[in-house]
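Working notes, beginning with the structure itself.
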Amino acid sequence: MTMDLNFACTMCGDCCHNLRLPLSVNEAICWLERGGDVQVFCEAMPWAVEPSTDDGPVQHRRNRSFAAESGELAIRVMVTVVAAFDGACPHLQPDMRCGAYEARPNVCRIYPAEINPFIEVMPIHKACPTEAWTIDKPSLIKGGQIVDSITADLIRNSREAAIHDVPVKERLCGNAGFHTASLANEGFITHTLPPRAMLDELYKALKPASSATQAVSWRILSNRRTTVDTLNSVGARSEMHTALSPTEGYIPLFEAN
Ligand code: SF4
Ligand code: SF4
């Protein structure tokens with residue numbers, strides 16, 4: 001059962017550092033036009049059979065991914081476009097206020113609530129200090145529902161944008177040659193381009209006519225030998241994470257083996 005939570009931002013600024021902020025495609029264009037940097041994260045899920053429509057978490061992933069192949073293996077690819085920065089966000093001001101307040105991404109407006117309906121808000125997993133969650137603060141979640149209607153609307157809009165953006169992201173990968181992914185839940189493959197080139201690719205991907213229709217075989221990289229061997233045994237095209245191109249990176253979620 002979801003716990004009730006009270007919350008008020010203390011303006012500590014801790015949630016504005018060292019981030020990979022998930023963005024909609026339109027937000028990514030805005031972020032780049034304001035001088036920021038954007039990366040593209042790709043994850044692959046083996047998808048041999050269609051899951052039950054009753055399986056909410058799997059349908060959630062299905063709705064946010066597109067069909068593809070890795071060798072002979074059917075997969076679905078989840079693409080996340082992120083604002084990337086190490087240290088303080090380029091928009092964070094010395095007094096910890098957001099210098100792009102009116103244009104800040106939805107994920108900044110929604111935090112510390114969650115966009116994914118299958119992830120429970122857990123204060124222990126958030127950057128906010130203990131005093132932000134005390135009982136005297138306004139109600140954030142009650143009876144499993146977000147109390148503030150503006151935040152609830154933002155979450156709904158973000159979920160809709162994630163589904164709407166899927167074909168745009170598929171074209172982005174096709175046009176830009178992003179055809180390497182991690183195995184979902186093991187890590188992320190990152191694709192990097194100079195900001196101007198990334199902006200051009202995003203604009204191009206917005207146009208349906210730019211669609212690159214030829215079939216490509218995705219590579220699935222992993223830092224785990226057992227994963228690579230298992231994927232190759234079922235016909236996938238898998239290699240160790242060291243087989244990266246110069247514009248690719250690997251962010252592991254687990255130790256290598
Ligand atoms: S855009 Fe604003 S709210 Fe979002 S991380 Fe940057 S400084 Fe923080
Ligand atoms: S970490 Fe939490 S309390 Fe601190 S600025 Fe971000 S949202 Fe506010």
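The structure displayed is predicted, hence computed values, not measured ones.
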Tell me, with the steps shown, if V234 and T230 meet side-chain contact (heavy atoms from CB on, under 4.5 Å). CA-CA 7 Å; V234 292; T230 303; 5.5 Å; no
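- For CD of E255, the number of neighbouring non-hydrogen atoms (other residues, nucleotides, ligands) closer than 6.0 Å is 12 at most.
- When all heavy atoms of D165 and V25 are compared, the closest pair comes out as OD2-N, 2.8 Å.
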When you look at N26 and S24, which way does the side-chain hydrogen bond (donor to acceptor under 3.5 Å, both in side chains) test go after all the steps? CA-CA 5 Å; N26 284 336; S24 70; 5.5 Å; no
Should C128 and Y111 be marked as a side-chain contact (heavy atoms from CB on, under 4.5 Å) after you check the CA-CA gap, both sets of side-chain angles, and the distance that decides it? CA-CA 10 Å; C128 314; Y111 193 87; 3.7 Å; yes
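- Annotation: the span from L172 atom CG to L206 atom CG amounts to 9.5 Å, rounded to 0.5 Å.
- Side-chain contact between T190 and V40 is absent, with no heavy atoms from C-beta onward closer than 4.5 Å.
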Evaluate the salt bridge (charged side-chain N to carboxylate O under 4.0 Å, His left out) criterion for residues E248 and R219: first the C-alpha distance (whole Å), next the side-chain angles of each, then the deciding distance (0.1 Å), finally the verdict. CA-CA 12 Å; E248 295 170 348; R219 288 193 310 153; 3.0 Å; yes
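- In this structure, CE in M198 is found 8.5 Å from CD in E201, a value given to the nearest 0.5 Å.
- Remark: D95 CG is packed, more than 12 non-hydrogen atoms of other residues, nucleotides or ligands lying under 6.0 Å away.
- For F41, the ring pair (Phe, Tyr, Trp, His ring centres under 6.0 Å) test picks out F188, with sequence neighbours left out.
- The backbone N or O of R104 sits less than 3.5 Å from a side-chain atom of R109, completing a donor-acceptor pair.
- A donor-acceptor pair is defined here as one N or O able to donate and one able to accept, closer than 3.5 Å; no such pair exists between the side chain of H191 and the backbone of G177.
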side-chain contact (heavy atoms from CB on, under 4.5 Å) between S245 and T180: does it pass, once the steps are laid out? CA-CA 9 Å; S245 80; T180 306; over 6 Å; no
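- For H17, the NE2 atom sits in a packed shell: over 12 heavy atoms of surrounding residues, nucleotides or ligands are nearer than 6.0 Å.
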Residues V82, L23; criterion side-chain contact (heavy atoms from CB on, under 4.5 Å); working and verdict: CA-CA 5 Å; V82 302; L23 305 173; 5.8 Å; no
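- Minimum heavy-atom separation, L73 to A236: CD2-CB, 3.8 Å.
- The stretch residues 3-16 participates, sequence neighbours left out, in no side chain to side chain donor-acceptor pair (under 3.5 Å) pair at all.
- Counting heavy atoms from C-beta on, the side chains of N116 and P57 never come closer than 4.5 Å.
- Annotation for A152 and I146: closest pair N-CG2, 3.9 Å, computed over non-hydrogen atoms.
- With sequence neighbours excluded, no residue forms a side-chain contact (heavy atoms from CB on, under 4.5 Å) with T130.
- Looking at heavy atoms from C-beta onward, R61 lies in side-chain contact with M45 at the 4.5 angstrom threshold.
- Under 4.0 Å is where a charged nitrogen must lie from a carboxylate oxygen, and between R196 and D200 at least one such pair does.
- At a threshold of 4.5 Å between non-hydrogen side-chain atoms, the residues Q93 and Y101 do not count as touching.
- Residues L140 and W133 form a side-chain contact, since some pair of their non-hydrogen atoms from C-beta on lies under 4.5 Å apart.
- Each of F178 and L244 belongs to its own hydrophobic cluster when Ile, Leu, Val, Met, Phe, Trp and Tyr are linked at side-chain heavy-atom distances under 4.5 angstrom.
- Shortest non-hydrogen contact noted between A103 and R34 is CB-NH1, 3.7 Å.
- For the pair R76 (side chain) and W47 (backbone), a donor-acceptor distance under 3.5 Å is absent.
- Note on V121 and M3: same hydrophobic cluster, where clusters join Ile, Leu, Val, Met, Phe, Trp and Tyr whose side-chain heavy atoms are under 4.5 Å apart, directly or indirectly.
- Checked by atom type and distance alone, the side chain of S222 never pairs as donor or acceptor with a backbone atom of V228 at under 3.5 Å.
- Looking only at distances, a side-chain donor or acceptor of K137 sits under 3.5 Å from a matching main-chain atom of E131.
- A heavy-atom distance below 4.5 Å is found between the side chains of I189 and Y250.
- Taken together through direct or relayed side-chain contacts under 4.5 Å among Ile, Leu, Val, Met, Phe, Trp and Tyr, L32 and L19 form part of one hydrophobic cluster.
- Judged by distance alone, with hydrogens and angles left aside, the side-chain atoms of Q59 form a donor-acceptor pair with the main-chain N or O of S52 at under 3.5 Å.
- Residues I163 and E160 form no side-chain contact, since every pair of their non-hydrogen atoms from C-beta on lies 4.5 Å or further apart.
- Considering CG of N232 and CD1 of I220, their distance stands at 9.0 Å, rounded to 0.5 Å.
- A salt bridge between K126 and E114 is present, with a side-chain N of the basic residue lying under 4.0 Å from a carboxylate O of the acidic one.
- Shown here for A67 and E170, the closest heavy-atom pair between the two residues is O-OE2, 4.1 Å.
- In this structure a side-chain-to-backbone donor-acceptor pair under 3.5 Å is present from R20 to F85.
- Put simply, CZ on R62 and CD on E50 are 4.0 Å apart, with the number rounded to the nearest 0.5 Å.
- Grouping the Ile, Leu, Val, Met, Phe, Trp and Tyr side chains by contacts below 4.5 angstrom, directly or via other members, places L231 apart from M78.
- Applying the 6.0 Å contact sphere to CZ of R97 captures no more than 12 heavy atoms from other residues, nucleotides or ligands.
- Distance check, rounded to the nearest 0.5 Å: CG of D55 to NE2 of H60 gives 12.0 Å.
- The closest side-chain heavy-atom distance from I155 to T151 is below 4.5 Å.
- Here the shortest heavy-atom pairing between G13 and M96 reads CA-SD, 3.8 Å.
- Expressed to the nearest 0.5 Å, how far SG of C108 lies from CG of L154 amounts to 11.0 Å.
- Using a distance-only test at 3.5 Å, with no hydrogens or angles considered, no donor-acceptor pair links the side chain of D86 to the main chain of N18.
- Note on L253: it does not cluster hydrophobically with L221, by side-chain heavy-atom contacts below 4.5 Å among ILVMFWY residues.
- Judged by distance alone, the side chain of R237 and the main-chain N or O of S217 form a donor-acceptor pair under 3.5 Å.
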